[in-house]
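Just so you know, these numbers come straight off a predicted model, no measurement behind them. Within every chain, numbering begins at 1; the chains are lettered A, B, ... in the order of the sequence lines, protein sequences first and strands thereafter. Atom set for the values below is all heavy atoms of this structure, side chains included, hydrogens, waters and symmetry mates excluded.
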Amino acid sequence: GEDVEQSLFLSVREGDSSVINCTYTDSSSTYLYWYKQEPGAGLQLLTYIFSNMDMKQDQRLTVLLNKKDKHLSLRIADTQTGDSAIYFCAEKGDYGQNFVFGPGTRLSVLP
Amino acid sequence: ETGVTQTPRHLVMGMTNKKSLKCEQHLGHNAMYWYKQSAKKPLELMFVYNFKEQTENNSVPSRFSPECPNSSHLFLHLHTLQPEDSALYLCASSLNKGSPVGELFFGEGSRLTVL
């Protein structure tokens with residue numbers, strides 16, 4: 001079945017760049033998403049990328065997609081303490097509702 | 001303000017109690033979802049409703065009973081739960097018709113503790 005994997009933990013120093021990685025198995029995935037969950041809150045959509053794109057940039061966020069290797073990454077430039085959260089990678093196909101989420105990566109930003 | 005509101009935010013109940021979780025979305029979406037988030041399984045889809053019709057029941061035990069009276073409201077009725085049902089229950093909505101991206105918008109969750 002479909003599967004999305006992420007490393008569970010990442011620690012970085014404030015001001016450094018963070019790179020959160022994700023791999024998925026469904027080659028028919030059309031949309032790939034990054035969600036952020038802060039403590040005690042629900043998930044908030046950060047960004048998404050279509051499968052026919054290699055890269056998407058939005059302010060401090062850069063998403064890279066390697067469709068051949070089924071690898072997605074989220075780079076956060078100049079990481080701040082407010083970026084500490086759990087980051088979920090998710091994928092789905094066209095018009096479908098079968099979102100498959102990864103286990104989430106807990107990002108800790110050290111002062 | 002996320003556009004998806006869940007109540008209550010926290011709930012403690014005994015195994016013999018009956019309670020309900022409520023979700024309301026103000027985004028004009030046509031699909032609503034219940035997810036369970038726990039330490040064992042970070043995000044587990046429970047139910048999906050499209051235009052008030054249930055389209056997905058992900059092998060959820062019958063002690064969880066969903067209800068979707070209209071496209072804006074979703075309930076999760078709880079009865080005779082077990083301690084292992086303690087988790088964060090997240091409601092989400094999406095706009096699927098005419099929108100292939102169809103991203104999910106989540107509420108802040110209801111933290112349930114079963115004693």
Any chain of hydrophobic side-chain contacts (each under 4.5 Å) joining [X] to [Y]?
X: B/Val60; Y: B/Met15; result: yes
X: B/Leu43; Y: B/Phe47; result: no
X: A/Leu72; Y: A/Leu10; result: yes
X: B/Met32; Y: B/Leu88; result: no

Self-check item: Within 6.0 angstrom of A/Lys56 NZ, more than 12 heavy atoms from elsewhere
Solution: yes

Self-check item: Atom CE of A/Met53: over 12 foreign heavy atoms under 6.0 Å
Solution: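 It does: A/Met53 CE has more than 12 such atoms within range.
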
Heavy-atom distances under 4.5 Å only: say whether [X] touches chain A with side chain, backbone, both or neither.
X: B/Arg111; value: neither
X: B/Gln37; value: side chain
X: B/Leu90; value: side chain

Quiz item: Where do A/Gln44 and B/Phe106 land on the side-chain contact (heavy atoms from CB on, under 4.5 Å) test, with the steps shown first?
Solution: CA-CA 7 Å; A/Gln44 179 185 11; B/Phe106 284 86; over 6 Å; no

Practice problem: Tell me, for A/Gln37 versus chain B, whether the close heavy atoms (under 4.5 Å) come from the side chain, the backbone, both or neither. | Solution: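 For A/Gln37, side-chain heavy atoms alone lie under 4.5 Å from chain B.
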
Quiz item: So how far is it from B/Leu45 CG to A/Phe99 CZ, rounded to the nearest 0.5 Å?
Solution: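 Nearest 0.5 Å value for the CG-CZ distance: 10.0 Å.
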
Practice problem: Apply side-chain contact (heavy atoms from CB on, under 4.5 Å) to A/Leu45 and B/Phe105, showing your working. | Solution: CA-CA 7 Å; A/Leu45 179 70; B/Phe105 289 78; 5.7 Å; no

Practice problem: Could you tell me whether the side chain of A/Tyr35 and the main chain of B/Leu104 form a donor-acceptor pair under 3.5 Å? | Solution: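 Such a contact is found between A/Tyr35 side chain and B/Leu104 backbone.
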
